[in-house]
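Remarks on the structure that follows.
Every chain is numbered from 1, with letters handed out A, B, ... down the list of sequences. Scope of the values below: all heavy atoms of this structure, side chains included, with no hydrogens, waters or symmetry mates.
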Protein chains: 2
Amino acid sequence: MATIYEVAALAGVSPATVSRVFNGHTVSPEKVRLVREAAATLKFAPNRTARRLRNQSSELIALLIPDIENPFFTALARGVEDRAQESGFSVVLCNTDDDPAKETRYLEIAMSEGMAGVILAPAASDGDLAQIVAQGRPVVAVDRSTGFDIDAVMVDNRAAGAAATTALFDAGFRRVACIAGPLGIESTEERYLGWRQVVAKRSDGTDAPEFLQHANYRVDGGRTAMAALLALETPPDAVVTTNNLMGVGALQVLAEAGIAPPAFGVAIVGDLPFTTFSPDVVTQVHLPARHLGVTAASMLMDRIAGDTQPARIVVLRARIASDADADSV
Amino acid sequence: MATIYEVAALAGVSPATVSRVFNGHTVSPEKVRLVREAAATLKFAPNRTARRLRNQSSELIALLIPDIENPFFTALARGVEDRAQESGFSVVLCNTDDDPAKETRYLEIAMSEGMAGVILAPAASDGDLAQIVAQGRPVVAVDRSTGFDIDAVMVDNRAAGAAATTALFDAGFRRVACIAGPLGIESTEERYLGWRQVVAKRSDGTDAPEFLQHANYRVDGGRTAMAALLALETPPDAVVTTNNLMGVGALQVLAEAGIAPPAFGVAIVGDLPFTTFSPDVVTQVHLPARHLGVTAASMLMDRIAGDTQPARIVVLRARIASDADADSV
DNA sequence: CTGAAAGCGCTAACAG
DNA sequence: CTGTTAGCGCTTTCAG
């Protein structure tokens with residue numbers, strides 16, 4: 001890997017001039033040509049590590065997500081990437097597994113790597129954000145909020161939960177259960193509260209406490225919970241799941257039991273990935289995953305550019321998906 | 001962020017000693033204690049940028065994949081990450097969109113960022129690997145091969161295509177079509193050849209040339225191709241798709257046409273992500289995505305550690321998935 | 001075992 | 001407009 005010194009020598013100029021050429025500063029056209037030629041023959045590319053050490057910041061941002069295998073988060077990542085790309089930033093993706101320790105470790109790496117900023121979908125209980133925030137590095141939270149006074153992009157989870165539930169009642173179901181995520185995850189709590197609100201208003205009173213199931217946020221969690229629901233003495237006739245993967249699990253169990261929708265009502269907060277179900281049959285409350293990513297990245301870019309306004313919270317709307325949607329996942 | 005100088009001052013030792021403590025070199029127990037205490041109170045973490053500039057290499061590896069929203073690649077990524085983690089490496093994920101220009105750009109970044117190595121699922125036509133290979137940085141190809149003499153981890157694609165096709169004939173189907181990916185992508189070509197071999201042997205001669213459809217590698221490609229197949233004067237009674245997403249597209253069209261499996265035979269080379277279909281109904285040739293990742297990462301770790309044996313090609317077996325499989329996706 | 005000092009490649013004053 | 005120079009924070013000889 002050639003250095004600016006070698007390029008400078010070949011072009012007959014000083015290293016500083018080479019640096020200027022590559023940073024868009026004013027240099028006489030003649031020397032620009034000389035430098036570019038020299039750089040080309042030497043296949044020179046500026047060493048980003050050295051540049052970063054000097055500048056104390058890079059064109060790299062970190063994106064920490066809990067589960068890279070969940071299409072919701074990959075769509076979000078895609079949005080982040082596209083927006084970051086536009087501003088010349090590259091994205092480092094880190095999988096936290098919803099593990100606060102891993103989250104903290106990656107946060108530390110992001111700092112000591114001198115990354116320009118981080119977008120964080122926080123784990124259930126926060127890792128140690130304190131340090132990175134104190135240091136003044138830009139951080140944007142996405143999907144879940146943190147205890148810190150930082151920018152955040154959220155979804156109106158309660159409304160989403162309510163919308164899913166309402167759709168089921170409107171379709172004529174009366175005994176609407178809920179498969180919620182683990183306790184302590186904000187987005188899940190909110191979606192579950194949306195469900196409860198609507199049930200309180202519209203149910204005919206036959207719903208049992210067992211109609212609320214807590215499960216892990218994955219396919220197998222959905223399976224377990226759905227099986228438990230079906231085993232009840234008086235089972236529900238419909239179910240709301242508070243995320244996409246649990247919805248898949250529920251549908252699998254239903255299919256195996258021979259009571260696939262629309263015989264049994266299913267509404268999902270989130271998008272059913274790669275589904276063969278029509279939105280007419282399984283209600284999906286579309287979460288703007290990609291848009292969340294784009295928005296978060298935009299906010300981060302602002303901060304990196306030096307924006308110092310007070311922390312903003314942006315809340316995006318979820319909406320019932322229809323066949324007309326060509327959007328995402 | 002504290003520096004080793006501040007730690008050294010507080011501990012009453014030289015910066016060199018601080019460095020030694022953090023790199024496991026021999027230092028008297030007494031000073032080790034002093035340094036650790038000082039570091040703790042200052043919340044010191046070594047600056048990776050500076051360290052890298054000095055060492056010319058980091059504990060970061062790049063993983064370049066064509067599509068982060070394809071579960072095959074995220075499972076692969078997961079494998080890479082888990083294995084890299086074990087050796088203390090972090091993984092930077094880059095999305096190439098199957099675009100050689102983007103691939104080349106990320107390759108350059110990987111180099112100038114001083115990353116320890118890269119794992120590459122090459123785009124259709126190779127980006128510029130020449131430079132990075134010439135420079136001697138470790139590169140491992142995965143899923144698709146390159147024109148270069150480097151380590152590679154592949155799947156036995158021809159056998160996979162043949163297995164999918166055979167399963168369909170064994171189930172009694174006789175007019176087995178194939179939805180293949182774009183021309184020029186090796187994995188697809190091979191899987192399609194596997195299909196052709198079996199068809200030549202077992203078909204009753206009624207198959208038309210139109211039974212082979214080339215489509216883009218995504219859900220909509222599968223949809224278009226399946227629709228074309230169904231529109232034929234004498235349509236097939238079964239179809240093999242050469243990747244997972246096209247399989248989803250085909251199933252969607254079939255469902256909409258009211259001829260879902262098992263009425264119409266479907267076999268997929270790859271795993272149907274988040275499916276509600278039983279493997280008894282839709283044949284899936286399981287691709288060891290995660291295992292590919294683990295293997296590639298292992299090979300890369302070897303190279304980074306200084307292994308200089310000649311380039312190895314590892315071929316992993318695909319196999320028909322059954323209900324018993326709890327594995328992956 | 002420990003300290004002093006050189007330098008990894010680059011950029012940003014500061015002169016000229 | 002351009003060259004000289006001083007570090008960014010760390011590791012690593014080289015002496016002691």
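A heavy atom lying under 4.0 Å from DNA chain D marks the following residues of residues 33-61 of chain A, by number: A:Leu53, A:Arg54, A:Gln56.
Side chains of B:Glu186 and B:Ser145: a donor-acceptor N/O pair is present below 3.5 angstrom, by distance only.
No hydrogens or angles were tested; on distance alone, nothing pairs the side chain of A:Tyr5 with the base of C:dC8 as donor and acceptor under 3.5 Å.
Within the 4.0 angstrom heavy-atom criterion, no nucleotide atom of any strand lies near B:Val18. Using a 4.0 Å heavy-atom criterion, one finds that B:Ser28 contacts the sugar-phosphate atoms exclusively.
Close to D:dC1, at under 4.0 Å from its OP1 or OP2, lies no side-chain N or O of A:Thr17. Contact between the side-chain N/O atoms of A:Thr3 and the OP1/OP2 oxygens of C:dG9 is not found at any separation under 4.0 Å.
Note on residues 293-305 of chain A: pairs passing side-chain hydrogen bond (donor to acceptor under 3.5 Å, both in side chains), not counting sequence neighbours, are A:Arg83-A:Ser298, A:Asp151-A:Arg303.
Residue A:Ile4 contributes atom CD1, which lies 12 Å from atom P of C:dC8 at whole-angstrom precision. Atoms CD (B:Glu6) and C1' (D:dC8) sit 13 Å apart, rounded to a whole Å. A straight line from CZ of A:Phe22 to P of C:dT11 spans 10 Å, rounded to a whole angstrom. The CG-C1' distance, from A:Asn23 to D:dT2, rounds to 15 Å in whole Å. Note: CD (B:Glu30) to C1' (C:dT2) measures 14 Å, nearest angstrom. Rounded to an integer number of Å, the gap from CD of B:Glu113 to P of C:dC10 is 13 Å. Residue A:Arg20 contributes atom CZ, which lies 11 Å from atom P of C:dT11 at whole-angstrom precision.
Contact check for A:Asn243 versus A:Phe72: no side-chain heavy atoms found under the 4.5 Å cut-off.
In A:Arg105, the CZ atom is crowded: over 12 heavy atoms of neighbouring residues, nucleotides or ligands sit closer than 6.0 Å.
Salt bridge status for A:Arg144 with A:Asp98: present, with a side-chain N to carboxylate O gap under 4.0 Å.
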